[in-house]
Amino acid sequence: MKNKVTVSAPGKLMLFGEHAVIYGMPCIVTAVDQRIYAKVEKTDTNLIVVNAPSLGVKSYSVELSDLGRVDYPKEVRFVLKSVEIFFRKFKVKSGLIISTKSDFSSTFGFGSSSAVTVCTIKALSGIFDIQVDDKSLFDIAYKTVLQVQGVGSGFDLAAAIWGGTIYFVGGGKIIISLKIEKLPLVVGYTGIKADTASLVRKVGYFYKSNKKEIKLIFDAMKLIVESAKKDLVVGNYTRVGDLANINQGLLDSLGVNTKKLSDLILAARVAGATGAKLSGAGGGDCMIAFSPKSKKAIEKAIEAAGGKILSVKTSAPGVRIEQ
Ligand code: PMV
């Protein structure tokens, strides 16, 4: 049993298959080298204290006896729900101080909530000396995320846990690590924070009223993911670009594209990207462009169209104990 454990986990970028993955289809996600850190310390108090300076949270505390009985503030709800579910599942409890830190802003859509959930649960398993294998970690984290935000496929949790680039089927039914040497990506941020849960709900309403048509779209997205899975591994970026463009057209037809995303995507294509699409729920956040060549020109074009270049390395390592 340890008194103090620090864990880190990577953020993520969705490459192909967003939204359809909620409906049982596969997706492909890559972990990025921007990480979230959680330090968990055991105390003799009956309080769980959370510090999350990047979210403006200083010493927010909740009594052990109030875990699961009170509403947690938005900024700390993933951390506290993780603690609540872990304590209940393993019948343990203790006062704790939990401090989180991030390499990236929570507004980018890199998955800070899922990474912090994974970090907290992994750190607790170290503190209480309880063996939790990766799949069990995924299951506990997925339960946490569903209880907090109600919707989600868990792809971001898989990226945080396993790292690398992953072929993923909703709820963790299939998780396959893809051997990809390098991923020539440019990432552009729109400057607009998207609300994933409300976009998932919006697609849900659209699906209900246009079931037959949207089912075909999801089937096409599945085909794209299956093709991309092969073409990414052999590094056929002309074809990967084509698939990105087709995927973008389909996402547009679901109603999750925005003018700003379109501006950045079109700018990237004109500047030489083999293909470009939004990444994640849409509505804002990031776009990605595949670019084996002309990377600088693509970056310039995205900036000229009002985007911010986020320089990230992909296929980053998954969750790990730092100390
Ligand atoms: O907005 P992001 O980057 O968290 O991606 C959401 C992807 C969805 O498929 C729309 C939702 C999900 O949980 O899979």
Side-chain angles (χ1 to χ4, degrees), residues 9-32 34 36 78 102 104-118 138-139 141-162 165-175 185 187-207 214 217-218 220-222 224-225 228 244 247-248 250-258 260-261 264 277-288 310 312 314 316:
K12 58 82 186 114
L13 271 175
M14 177 69 99
L15 299 182
F16 290 98
E18 48 274 88
H19 287 290
V21 66
I22 295 278
Y23 297 80
M25 303 302 180
C27 72
I28 298 176
V29 55
T30 190
V32 296
Q34 307 274 306
I36 293 269
F78 286 92
S102 176
F104 59 89
S105 159
S106 65
T107 58
F108 291 166
F110 278 173
S112 49
S113 313
S114 38
V116 86
T117 302
V118 165
F138 177 87
D139 291 339
Y142 191 41
K143 186 171 176 184
T144 305
V145 167
L146 286 184
Q147 284 197 17
V148 173
Q149 72 183 24
V151 290
S153 64
F155 80 104
D156 38 10
L157 297 167
I161 294 170
W162 283 276
T165 299
I166 296 173
Y167 171 93
F168 174 88
V169 176
K173 283 192 203 81
I174 303 175
I175 297 166
L185 263 194
V187 183
Y189 177 55
T190 56
I192 298 154
K193 166 105 185 96
D195 178 5
T196 300
S198 60
L199 283 151
V200 169
R201 277 187 216 105
K202 180 179 161 181
V203 172
Y205 299 134
F206 197 49
Y207 175 68
I214 306 292
I217 291 178
F218 291 153
M221 287 177 166
K222 177 177 184 215
I224 288 168
V225 169
N247 199 162
Q248 173 62 16
L250 296 171
L251 284 162
D252 195 357
S253 69
L254 291 182
V256 297
N257 194 18
T258 65
K260 188 71 181 276
L261 278 166
L264 307 192
K277 63 182 278 295
L278 65 86
S279 168
D285 284 349
C286 292
M287 51 73 67
I288 51 174
L310 302 179
V312 293
T314 53

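Just so you know, ligand 1 is whichever comes first in the structure, and atom 1 is the first atom listed for that ligand.
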Colleague: Check whether any N or O atom of H19, backbone or side chain, sits under 3.5 Å from an N or O atom of ligand 1, and answer yes or no.
Modeller: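 Yes; the residue has a nitrogen or oxygen that sits under 3.5 Å from a nitrogen or oxygen of the ligand.
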
Colleague: E18 heavy atoms, cut-off 4.0 Å: which ligand 1 atoms fall inside?
Modeller: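 In order of numbering, the contacting atoms are 9 (O).
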
Colleague: Considering only the protein, which heavy-atom contact is closest to atom 7 (C) of ligand 1, and what is its distance?
Modeller: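 Protein heavy atom at minimum distance: F155 CE2, 3.6 Å.
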
Colleague: Heavy atom under 4.0 Å from ligand 1: found in V151's side chain, backbone, both, or neither?
Modeller: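 Neither; nothing of V151 gets under 4.0 Å from ligand 1.
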
Colleague: Roughly how far, to the nearest 0.5 Å, is CD1 of I28 from CG of L13?
Modeller: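 That separation rounds to 13.5 Å.
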
Colleague: Compute the shortest N/O to N/O distance between A281 and ligand 1 and return yes if it is under 3.5 Å, no if not.
Modeller: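 So ligand 1 has an N or O lying under 3.5 Å from an N or O of A281.
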
Colleague: Start with the C-alpha gap between F218 and L254, add the side-chain angles, then the distance that decides, and say whether side-chain contact (heavy atoms from CB on, under 4.5 Å) holds.
Modeller: CA-CA 10 Å; F218 291 153; L254 291 182; 4.0 Å; yes

Colleague: By number and element, which atoms of ligand 1 are closer than 4.0 Å to a non-hydrogen atom of G152?
Modeller: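 So the answer, numbered in order with elements, is 13 (O).
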
Colleague: Give me the nearest non-hydrogen protein atom to atom 3 (O) of ligand 1 as residue plus atom name, then the distance to 0.1 Å.
Modeller: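 Nearest neighbour among protein heavy atoms for atom 3 (O) of ligand 1, to 0.1 Å: K12 NZ, 2.7 Å.
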
Colleague: Does A194 offer a backbone N or O that forms a donor-acceptor pair with the side chain of D285 under 3.5 Å?
Modeller: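 Present.
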
Colleague: NZ of K260: more than 12 outside heavy atoms within 6.0 angstrom?
Modeller: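 Correct, the count exceeds 12.
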
Colleague: Nearest protein heavy-atom contact for atom 1 (O) of ligand 1: which residue, which atom, what distance?
Modeller: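 Answer for atom 1 (O) of ligand 1: T196 OG1, 2.8 Å.
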
Colleague: Checking a contact table here: which protein heavy atom is nearest atom 12 (C) of ligand 1, and how many Å away?
Modeller: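 Atom 12 (C) of ligand 1 sits closest to the protein heavy atom S153 OG, 3.4 Å.
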
Colleague: Using a 4.0 Å cutoff against the non-hydrogen atoms of V21, which atoms of ligand 1 qualify?
Modeller: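 Near V21, meaning under 4.0 Å from one of its heavy atoms, ligand 1 has 9 (O), 14 (O).
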
Colleague: Could you go through M14 and I288, starting from their C-alpha distance and side-chain angles, then the distance that decides it, and tell me whether this counts as side-chain contact (heavy atoms from CB on, under 4.5 Å)?
Modeller: CA-CA 9 Å; M14 177 69 99; I288 51 174; over 6 Å; no

Colleague: Determine, for Y23 and K222, whether the Lys NZ or Arg CZ falls below 6.0 Å from the six-membered ring centre while staying within 45 degrees of the axis.
Modeller: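 No - K222 does not lie over the ring of Y23 by the 6.0 Å and 45° rule.
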
Colleague: Just how far is it from atom CG of L278 to atom CG of L261, taken to the nearest 0.5 Å?
Modeller: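 Interatomic distance, L278 CG to L261 CG, rounded to 0.5 Å: 5.5 Å.
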
Colleague: Pick whichever of G17, A20, G170, G280 has a heavy atom sitting closest to atom 5 (O) of ligand 1.
Modeller: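 Going through G17, A20, G170, G280 one by one, G280 has the nearest heavy atom to atom 5 (O) of ligand 1.
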
Colleague: Quick check on contacts: which atoms of ligand 1 are under 4.0 angstrom from a heavy atom of I22?
Modeller: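 Answer for ligand 1: 11 (C), 12 (C), 13 (O), 14 (O).
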
Colleague: Say you draw a straight line from CD1 of I22 to CG of L199; how long is it, rounded to the nearest 0.5 Å?
Modeller: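 It comes to 11.0 Å.
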
